[in-house]
Q: 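Let me begin by handing over the structure; questions about it come next.
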Amino acid sequence: MATEYAKLIIDGKELQLPVITGTEGEKAIDIRSLRQTTGFITYDPGFGNTGSCKSDITFMDGEKGILRHRGIPIEELAEQSTFVETAYLIINGKLPSRQELITNSILLNDQSMVHEDMQIFYQNFPRLSHPMGILSAMVNALRSFYPELMQTDEDFQKVAIRLLSKVRTMAAMSYKISRGHKVIYPRADYTYCANFLNMMFDSPVNPYNPDDDVVAALNTFWILHADHEQNCSTMAVKTVGSAKANIYASISAGISALWGTLHGGANQKVIEMLTEIHNSGASIKDVVERAKRKDNPVRLMGFGHRVYKTYDPRAKIMKKVCDKVLPKLKVDDPLLDIAKQLEEAALSDSYFIDKNLYPNVDFYSGILLRAIGIPTNMFTVMFAIGRLPGWIAQWKENNDDPEQKIIRPRQIYMGETVTPYVPLSKRLE
Ligand code: SDX
């Protein structure tokens, strides 16, 4: 029962709308009764002022640069946890016990292989297909191999593990097959991240030994991408799931949304931007000026955020990981220096300061992926693997929420008013 109300006066009538207060003090006006009591709807393109749900999974404060998963600060997870443990936390709402972690790892290993028939699918994509298009199609295809309905929480747990494990294997497979190389199978003696690296880079002629620093960096990379409340791709997953489509189709929709250059596709665009600056010798000042011009669609990729109006806490951590890992790997990437110069120039420019435009998670992430050896066209696939726990958890929370219905916003019609049909014979040539 609400204890606080917002007053709305429409056509001289006063409406009391209940106020919902979250555990972190966020407030929302509950407008569910608005249309049937006033005939009015609200208007909020991009939903920047609209809450779509109540959620227990992730808390973000965009003004203070706070990000927590199930209450735990991202800084502590990045420093002390692993991706598998953070995925468990996000999906199950608590950190696993030692035994739960062991069981979880055994299940991830059991589910790590991909049906051999799926390899034929890969063979039939054009060689230059983008890995995100392949991944979206392959995840949707999983439903054909695992058609059993998901009716219990136990079924859900099994499907969650299957997605977490197989999507990682699929990503590495698409890389190997795209190069015409032999697919490397997962190994039970490797951890989740080490397995991925081995499946990507091992080969019969050049055996790969996962480096501890690289495995640790990959864990951090995926922890930083694990969930981010109601972002574009998560809303795609929830929208498809709200129609009671299966989870594979829902996650496939999320992968497609993430591919967009304004969203997860930005990490690839950042590296292309930095590479272009490096190769052209363009001055940092000119690049910043160009990004400010209204007549120029080019933006400073990796900068700005719908929610963060301060430094994205994930970008801070990613930059620190780059500073630590690149020297250890003896990687001297000129793009890192360019990125830092770009950040410094932008953050001292009134355009970026006044619009609260700061580096976001994508600004430094590509530098780290390059150092690990991930090809640029797979950067967004790496983001997708990291975001899987969030998509899975948010899909389940939405489907279990008794207040949720099929997602179907309204509109304000601005087109022609009623117009009679004109037969072809009477229409002007
Ligand atoms: C992700 O939602 C999430 O949580 C997403 C994400 C997640 O983890 O899921 O954090 C991942 O998608 C990070 C964002 C990656 N995208 C990019 O780096 C692409 C570059 N950034 C922008 O396109 C933009 O900042 C967005 C899309 C990220 C946010 O767009 P908004 O909030 O809709 O901002 P806006 O377009 O309304 O811009 C406000 C103003 C505009 O100028 P004015 O019209 O007010 O004069 O800021 C300008 C914009 O032109 N602006 C930029 C800019 N971003 C915004 N100008 C130059 N360079 C930029 N990067």
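Indexing begins at 1, ligand by ligand and atom by atom, following the structure's order. Scope of the values below: all heavy atoms of this structure, side chains included, with no hydrogens, waters or symmetry mates.
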Q: Mind running salt bridge (charged side-chain N to carboxylate O under 4.0 Å, His left out) on Lys269 and Asp362 for me, showing each step along the way?
A: CA-CA 9 Å; Lys269 288 293 170 200; Asp362 293 317; over 6 Å; no
Q: What pairs meet the salt bridge (Lys or Arg N to Asp or Glu O under 4.0 Å) rule with one or both residues in residues 159-171, with sequence neighbours excluded?
A: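 Of all non-adjacent pairs touching residues 159-171, those that pass salt bridge (Lys or Arg N to Asp or Glu O under 4.0 Å) are Glu148-Arg162.
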Q: One line per pair, note the atom names and distance for all nitrogen or oxygen contacts under 3.5 Å between ligand 1 and the protein.
A:
| residue | atom | partner | partner atom | Å |
| --- | --- | --- | --- | --- |
| ligand 1 | 4 (O) | His228 | ND1 | 2.6 |
| ligand 1 | 4 (O) | His305 | NE2 | 3.2 |
| ligand 1 | 8 (O) | His228 | ND1 | 3.3 |
| ligand 1 | 8 (O) | Arg314 | NH1 | 2.6 |
| ligand 1 | 8 (O) | Arg387 | NH2 | 2.8 |
| ligand 1 | 9 (O) | Arg387 | NH1 | 2.8 |
| ligand 1 | 10 (O) | His228 | ND1 | 3.4 |
| ligand 1 | 10 (O) | His305 | NE2 | 2.6 |
| ligand 1 | 10 (O) | Arg314 | NH2 | 2.8 |
| ligand 1 | 12 (O) | His263 | ND1 | 2.9 |
| ligand 1 | 16 (N) | Leu262 | O | 2.8 |
| ligand 1 | 18 (O) | Gly302 | N | 2.8 |
| ligand 1 | 18 (O) | Asn360 | ND2 | 2.9 |
| ligand 1 | 21 (N) | Phe303 | O | 2.8 |
| ligand 1 | 23 (O) | Arg299 | NH1 | 2.9 |
| ligand 1 | 25 (O) | Phe303 | O | 3.4 |
| ligand 1 | 32 (O) | Arg306 | NE | 3.2 |
| ligand 1 | 33 (O) | Arg306 | NE | 3.4 |
| ligand 1 | 33 (O) | Arg306 | NH2 | 3.0 |
| ligand 1 | 36 (O) | Arg299 | NH1 | 3.4 |
| ligand 1 | 36 (O) | Arg299 | NH2 | 3.1 |
| ligand 1 | 44 (O) | Lys294 | NZ | 3.0 |
| ligand 1 | 45 (O) | Lys355 | NZ | 3.3 |
| ligand 1 | 46 (O) | Lys294 | NZ | 3.2 |
| ligand 1 | 46 (O) | Lys355 | NZ | 2.9 |
| ligand 1 | 50 (O) | Arg299 | NH2 | 2.9 |
| ligand 1 | 56 (N) | Tyr351 | OH | 2.9 |
| ligand 1 | 58 (N) | Leu300 | N | 3.1 |
| ligand 1 | 60 (N) | Leu300 | O | 2.8 |
| ligand 1 | 60 (N) | Phe303 | O | 2.9 |

Q: Please report whether the ring centroid of Phe383 lies less than 6.0 Å from that of Trp259.
A: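 No, the ring of Trp259 stays outside the 6.0 Å limit from the ring of Phe383, centre to centre.
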Q: For Arg143, which residues count as a side-chain hydrogen bond (donor to acceptor under 3.5 Å, both in side chains) partner, sequence neighbours excluded?
A: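 Counting only residues at least two positions away or on another chain, Arg143 forms no side-chain hydrogen bond (donor to acceptor under 3.5 Å, both in side chains).
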Q: Is a side-chain donor or acceptor of Asn356 paired with a backbone partner of Thr310 at a separation under 3.5 angstrom?
A: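 Checked: no pair found.
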Q: Could you name each residue pair satisfying ring pair (Phe, Tyr, Trp, His ring centres under 6.0 Å) that touches residues 228-256, not counting sequence neighbours?
A: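 Residue pairs passing ring pair (Phe, Tyr, Trp, His ring centres under 6.0 Å), neighbours aside: His228-His305, His228-Tyr308.
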